[in-house]
**Q** 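Please see the structure below; I have some questions.
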Amino acid sequence: QGTQVMRRLIVLALFMLITPVAAEAQPRLMLGGGLTTPHGDVSTSADPGYHVRASIEIGIPTLPLGFRGDGTLHNMGSSQAGFEDTEVLAGSLSLVFTLPGVGLQPYMLGGLGTYRVTAGASGDPVTQTSRGYHGGFGVSVGGLLFGAFAEVRYVHVPHEDGTVAMIPLTLGFRL
């Protein structure tokens with residue numbers, strides 16, 4: 001009777017140790033959006049705007065690291081006469097480092113991306129595609145099935161006509 005109870009406890013302990021590792025390796029869908037604030041050269045012609053983002057994140061089992069792929073569309077209007085809205089379509093890859101936490105899980109991320117920027121004079125906007133980088137931090141909350149996150153990044157995209165820099169603040173949920 002005692003050995004049977006001991007076996008069950010060992011199986012339960014192993015299950016509890018293995019389950020979080022398997023769960024961390026599962027792909028997670030993240031959907032969000034929020035405020036985008038322009039900085040750098042683009043801030044002379046663009047006003048704060050909005051963005052929407054879809055992401056997939058995969059954790060590395062037993063490590064506090066993961067990889068995230070993002071697709072983001074930014075739209076920053078222009079209050080200056082004669083200028084189009086600035087639109088940025090981005091695809092990026094990030095390395096995510098999750099810090100220890102109970103309930104709230106803080107994280108830092110950084111990576112590279114390709115950014116297609118459309119901006120310029122009304123009726124004659126210019127579209128350029130460039131590579132850039134980003135870094136930021138955030139916090140997530142929730143369990144394995146559903147959660148929420150809040151994140152802020154700094155995005156820097158060098159262009160031949162100047163620098164496109166922006167700070168997106170994103171709120172969203174993850175599945």
**Q** Working to the nearest 0.5 Å, report the span between OG1 of Thr36 and CG of Asp47.
**A** 12.5 Å

**Q** With side chain to side chain contact (heavy atoms under 4.5 Å, CB included) as the criterion, how do Val155 and Val157 come out once you've worked through the C-alpha distance, each side chain's angles and the decisive distance to 0.1 Å?
**A** CA-CA 7 Å; Val155 179; Val157 184; 4.0 Å; yes

**Q** Could you tell me the separation between the CD atom of Glu151 and the CG atom of Leu169, rounded to the nearest 0.5 Å?
**A** 9.5 Å

**Q** Can you name the nearest heavy-atom pair linking Pro158 to Gly132, along with the distance?
**A** CD-CA, 4.3 Å

**Q** Do the non-hydrogen side-chain atoms of Val117 and Ser130 ever get within less than 4.5 Å of each other?
**A** no

**Q** Could you check if a side-chain atom of Pro168 sits within less than 4.5 angstrom of a side-chain atom of Arg53, using non-hydrogen atoms only?
**A** yes

**Q** Checking side-chain polar atoms at under 3.5 Å, does Thr72 have a donor or acceptor matched by the opposite partner on His51?
**A** no

**Q** Measuring only between side-chain heavy atoms, which start at C-beta, is Ile167 closer than 4.5 Å to His39?
**A** yes

**Q** With heavy-atom distances below 4.5 Å as the criterion, would you say the side chains of Leu95 and Phe67 are in contact?
**A** yes

**Q** With rounding to the nearest 0.5 Å, note down the distance linking OG1 in Thr86 to CG in Asn75.
**A** 8.0 Å

**Q** Answer yes or no: is there a side-chain heavy-atom contact under 4.5 Å between Arg153 and Asp70?
**A** yes

**Q** Tell me, do Leu175 and Phe146 make a side-chain contact under 4.5 Å, heavy atoms counted?
**A** yes

**Q** Might you point out which heavy atoms bring Ala90 and Tyr115 nearest each other, and give the distance in Å?
**A** CB-CD2, 3.3 Å

**Q** Considering non-hydrogen atoms only, spot the tightest contact between Pro125 and Thr118 and give its length.
**A** CB-CG2, 4.0 Å

**Q** Would you find more than 12 non-hydrogen atoms of other residues, nucleotides or ligands less than 6.0 Å from Arg116 atom CZ?
**A** no

**Q** Do Leu29 and Leu31 have side-chain heavy atoms sitting under 4.5 Å apart?
**A** yes

**Q** Measure across Arg131 and Thr114 and return the closest heavy-atom pair with its distance rounded to 0.1 Å.
**A** NH1-OG1, 3.9 Å

**Q** Give, for atom OG1 of Thr37 and atom OH of Tyr154, the distance between the pair rounded to the nearest 0.5 Å.
**A** 12.5 Å

**Q** Find out if a path of hydrophobic residues (ILVMFWY) with successive side-chain heavy-atom gaps under 4.5 Å connects Leu63 to Leu99.
**A** yes

**Q** With rounding to the nearest 0.5 angstrom, report the CZ to OH distance, Arg68 to Tyr107.
**A** 4.5 Å

**Q** Can you measure from CG (Leu109) to CZ (Phe97) and round to the nearest 0.5 angstrom?
**A** 12.5 Å

**Q** Treating Ile, Leu, Val, Met, Phe, Trp and Tyr as nodes and any side-chain heavy-atom pair under 4.5 angstrom as an edge, say whether Tyr50 and Leu171 lie in one connected cluster.
**A** no

**Q** Minimum heavy-atom separation for Pro48 to Leu35, with atom names?
**A** CB-CD1, 4.2 Å

**Q** Which pair of non-hydrogen atoms, one from Pro27 and one from Ile56, has the smallest distance, and what is that distance?
**A** CB-CG2, 4.2 Å

**Q** More than 12 foreign heavy atoms under 6.0 Å from CG of Leu104: is that the case here?
**A** yes

